[in-house]
There are 2 protein chains.
Amino acid sequence: MRGLHADTGYLLYRIGLRSGQLFNAFLQESGLRLRHYALLRFLATTEGALQRELSTRLGYDPSAIVGLVDDLEKLGFAARRPSPDDRRSRIVVLTDDGRAFLRDTDEAGLRATSTLLRPLDATERDTLHTLLQRIAETELS
Amino acid sequence: MRGLHADTGYLLYRIGLRSGQLFNAFLQESGLRLRHYALLRFLATTEGALQRELSTRLGYDPSAIVGLVDDLEKLGFAARRPSPDDRRSRIVVLTDDGRAFLRDTDEAGLRATSTLLRPLDATERDTLHTLLQRIAETELS
DNA sequence: AACAACTATTGACGTCGACAATTATTGTCC
DNA sequence: GGACAATAATTGTCGACGTCAATAGTTGTT
């Protein structure tokens, strides 16, 4: 009989939970949560995205995106703009304040991850990251 | 600016979520969920454990353990026995039915994990597993 | 005997993720 | 060009989850 922590899938589940907790702890003072942060970080990579696009790319339900963008808009970190060619869509863009926020909290985010990966050295972290990215590419796309 | 999937902590969070979903999907027909399964699997490694012990080892709140053991007891997979030397405690043990259930679902659990780790070959899976276990040892103990 | 510490339990609360239903708009098909 | 399916955003609902506070019963300490 295998032990409790013998299954990789279960390990991923448990560690993923812990990672989310750590991230939220670091974000606590800003009033945002991991999902907000992920959305901001995604916005930083594009000129602006439809909410539908955010949903598929981040893996969150469309209904979840609504609330997240609401919060970010209230804080002035993101804004909804009307789409010129489709009046159903809104284009979500990162504001200057949002960009500044990302700059300021970038280090804190790295520190959260670093806390979790404390037992691993630099090369091991790289290895882990590469493996995870391979999984993410096929699984979360 | 780093991309969305550039952070290992975030990757762990997302993949961990997905792993939990896969596990729950394969457990669906049995009426159990991931947490029940984890508890059963832990019981299989011991002669019997106090609920307090289950709480600390599994990382679940003591109040959560109550409901989980209730469910498992109702299904006949686990049982509470009075502790001989402390009448506050109950010793939770795996029943024969519970052990049989684990045997039957063992393969399915492995398949769930295997689905997730599909993009990795055998040695890569070993590497990943080892790294995760190192993290789990320091972080979830 | 009094009191602090511990075990299991119950209850409450906020969050999270999944899903159905709705509204407004666009595209398609005959 | 008019009926109808498809799509984008939104709202509402629901179960599961994690955390915390409080309680009852029991043990250990002094």
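Sequence lines set the chain letters: A, B, ... in the order given, protein chains first and strands last, and positions in each chain run from 1. Nothing here was measured: the structure is a model prediction, and the numbers come from that model.
The CD1 atom of B/Ile65 sits 13 Å away from the C1' atom of D/dC17 (whole-angstrom rounding). With rounding to whole Å, B/Arg18 atom CZ is found 17 Å from C/dC16 atom C1'. When the P atom of D/dT10 is taken as reference, atom CG of A/Leu68 falls 12 Å away, rounded to whole Å. Taking atom OH of B/Tyr60 as the reference point, atom P of C/dT7 lies 20 Å away to the nearest angstrom. The separation between B/Arg14 atom CZ and C/dC16 atom P is 14 Å, rounded to whole Å. Rounded to a whole Å, the CG atom of A/Asp71 is 12 Å from the C1' atom of C/dT15. Between A/Leu54 atom CG and D/dA9 atom P the separation is 8 Å, expressed in whole Å. Rounded to whole angstrom, the span from the CZ atom of B/Phe23 across to the P atom of D/dA16 amounts to 19 Å.
Within 6.0 Å of atom CZ in A/Arg125, more than 12 heavy atoms from other residues, nucleotides or ligands are found, so the atom counts as buried in its surroundings. Other residues, nucleotides and ligands place more than 12 heavy atoms under 6.0 Å from the CZ atom of A/Arg80. Within 6.0 Å of atom CG in A/Asp96, 12 or fewer heavy atoms from other residues, nucleotides or ligands are found, so the atom counts as exposed in its surroundings.
Residue A/Arg52 places none of its side-chain N or O atoms closer than 4.0 Å to OP1 or OP2 of D/dA9.
Of the candidates B/Leu39, B/Leu40, B/Thr46, B/Phe42 forms a side-chain contact (heavy atoms from CB on, under 4.5 Å) with just one, namely B/Thr46.
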Letter per nucleotide, 5' to 3', of nucleotides 24-30 of chain D [B base touched, S only sugar-phosphate touched, - untouched; heavy atoms, 4.0 Å]
-BBS---
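Of the listed nucleotides (D/dA9, D/dA16, C/dA8), C/dA8 has the atom at the smallest distance from the side chain of B/Val66. The side chain of A/Ser89 has D/dA9 as its nearest neighbour among C/dC16, D/dT10, D/dA9.
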Protein-nucleic acid N or O pairs under 3.5 Å, nucleotides 20-22 of chain D:
from   : atom 1 : to      : atom 2 : distance (Å)
D/dC20 : N4     : B/Asp61 : OD2    : 3.4
D/dC20 : N4     : B/Ser63 : OG     : 3.0

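The closest side-chain donor-acceptor pair between A/Asp97 and A/Thr95, if any, does not fall under 3.5 angstrom.
Close placement of the B/Phe26 and B/Phe23 rings is indicated, their centers lying within 6.0 Å of each other.
Where A/Gln51 and A/Gln21 meet DNA chain D, the nucleotide closest to each residue was compared, and A/Gln51 sits on the side nearer the 5' end. Comparing B/Arg90 and B/Leu17 by the nucleotide of DNA chain C that holds the closest heavy atom to each, the one mapping nearer the 5' end is B/Arg90.
Proximity of a side-chain donor or acceptor of B/Ser89 to a complementary backbone N or O of B/Ser83 within less than 3.5 Å is not detected.
Between A/Tyr37 and A/Phe101, the two ring planes are perpendicular [angle over 60°; tilted spans 30° to 60°].
Using a 4.5 Å cut-off on side-chain heavy atoms (C-beta onward), B/Leu75 and B/Leu32 make contact.
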